[in-house]
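Each chain gets a letter, A, B and so on, in the order the sequences are listed, and its residues count up from 1.
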Number of protein chains: 2
Amino acid sequence: MDALTIQEAAQTTDWSPRMLRYIERAGLIEPRRSQAGYRLYGPGELQRLRTLRELTTRYDIGLGEIGFAMRLRRDAELAGAVDAWFEAQPRRPEEVPPAEWLRWEQDKHSKLLALAAAAPPATSHA
Amino acid sequence: MDALTIQEAAQTTDWSPRMLRYIERAGLIEPRRSQAGYRLYGPGELQRLRTLRELTTRYDIGLGEIGFAMRLRRDAELAGAVDAWFEAQPRRPEEVPPAEWLRWEQDKHSKLLALAAAAPPATSHA
DNA sequence: GAAACCTTGACACGACCGTGGTAAGGTTCC
DNA sequence: GGAACCTTACCACGGTCGTGTCAAGGTTTC
């Protein structure tokens, strides 16, 4: 067969089974089910799971954010409203480096990341 | 003068002064400052504050989500990555009328392109 | 020069997020 | 028929979000 169970999928994608279920509940990746209700992850899902991890770690964004992006592409009205709001934003051509607010936004995570990077990824639970 | 202090702005926009500072910190609306450092909200800011409230309550989205949308429009690389992830998603044709979807896709791409073209090459990722 | 604003910084708190664990029960495999 | 997996449903925990409040100090106005 061409599909992995949740544990196998977790191993090859570097998620935990717990998180795979969480991701499904967030509506991001919903594998098909076997007759008995077992989740079955195909190659496409596995690839998307890896890419998802890449997205979240590389750009430091949460699943909620990706969920919002998904909502944005599905709900044209919402997308339009958000768009309209940004349209009304004043342009600052070359006034101030706009990375100030970004730094703040990522600052909250930086400590965590630094900490996680410093700590060896041993089995934290016993 | 043509600008309100934080308390006045709060009253006419139905936010609290606290939240106005929070919104500023989130990078969403940054009023100019007086000589002494007082926040000064002009008509544009007031309007955007009201629209922001409309957005958050009507669509039930948080400031973090709007911040993410802002990040999406500023960081073309991130936008592309998120886009790519969605491209690999399986479509469900019966959920979305194809014409609608296509129009949305085209629209999004054109906006993205316009943004990338307009944005100076400041994409020096970390 | 005092009242009434403004500033930043901190503590607090309920709600949710990301994540792990565990329990009670069904399925698959040998 | 038991081991090893799967399911859902909870509890727990630290972190972030949205929000209020308070303190210590500067500014504006009369």
> Mind checking what makes side chain to side chain donor-acceptor pair (under 3.5 Å) contact with A/S34, not counting sequence neighbours?
Replying inline: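 Result, side chain to side chain donor-acceptor pair (under 3.5 Å) vs A/S34: none returned.
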
>> Side chain of B/R21, heavy atoms from C-beta onward: which of C/dT8, D/dT8, D/dT28 has the nearest atom to it?
In response: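 Among C/dT8, D/dT8, D/dT28, the one nearest the side chain of B/R21 is C/dT8.
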
> Choosing from D/dT7, D/dC5, C/dT27, which nucleotide comes nearest the side chain of A/T5?
Replying inline: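 That would be D/dC5.
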
>> Testing the basics here: between A/I29 and A/E45, what is the closest heavy-atom pair and its distance to 0.1 Å?
In response: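 Looking at all heavy atoms of both residues, the shortest contact is CG2-CG, 3.8 Å.
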
> Looking at residues at least two apart in the chain, or sitting in another chain, which of them share a side chain to side chain contact (heavy atoms under 4.5 Å, CB included) with A/R21?
Replying inline: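 Only A/I6, A/P17, A/R39 meet the side chain to side chain contact (heavy atoms under 4.5 Å, CB included) criterion with A/R21.
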
Nucleotide [N], atom [atom2] - distance to [atom1] of [X] in whole Å:
| X | N | atom1 | atom2 | result |
| --- | --- | --- | --- | --- |
| A/L20 | D/dC5 | CG | P | 16 Å |
| A/F68 | D/dC17 | CZ | C1' | 15 Å |
| B/Q35 | C/dT7 | CD | C1' | 15 Å |
| B/L4 | C/dC5 | CG | P | 14 Å |
| A/E24 | C/dG18 | CD | P | 15 Å |
| A/D14 | C/dT19 | CG | P | 11 Å |
| A/Q7 | D/dC5 | CD | P | 5 Å |
| A/D60 | D/dT16 | CG | P | 10 Å |

> Under 4.0 angstrom, heavy atoms only, what part of the nucleic acid is A/R25 near: base, sugar-phosphate, or nothing?
Replying inline: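 Touches nothing.
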
> B/I6 or A/A26: which one's nearest nucleotide on DNA chain C is closer to the 5' end?
Replying inline: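 The answer here is B/I6.
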
> Is the shortest heavy-atom distance from the side chain of B/D14 to the side chain of B/R50 under 4.5 Å?
Replying inline: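 In short, these two side chains do not touch, never coming nearer than 4.5 Å.
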
>> Could you tell me if the side chain of A/T12 sits less than 4.5 Å from the side chain of A/L46, heavy atoms only?
In response: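 A side-chain contact exists here, since the closest heavy-atom pair is under 4.5 Å.
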
>> Base contacts versus sugar-phosphate-only contacts with protein, heavy atoms under 4.0 Å: please encode nucleotides 18-24 of chain D as B, S and - from 5' to 3'.
In response: BBBB---

>> Quick one about B/Y59 and B/E54 (side-chain donor to acceptor, distance below 3.5 Å, no hydrogens or angles considered), yes or no?
In response: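 Judged by distance alone, the side chains do not pair up.
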
>> For A/R48, is there any backbone N or O sitting under 3.5 Å from a side-chain donor or acceptor partner on B/W85?
In response: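 Present.
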
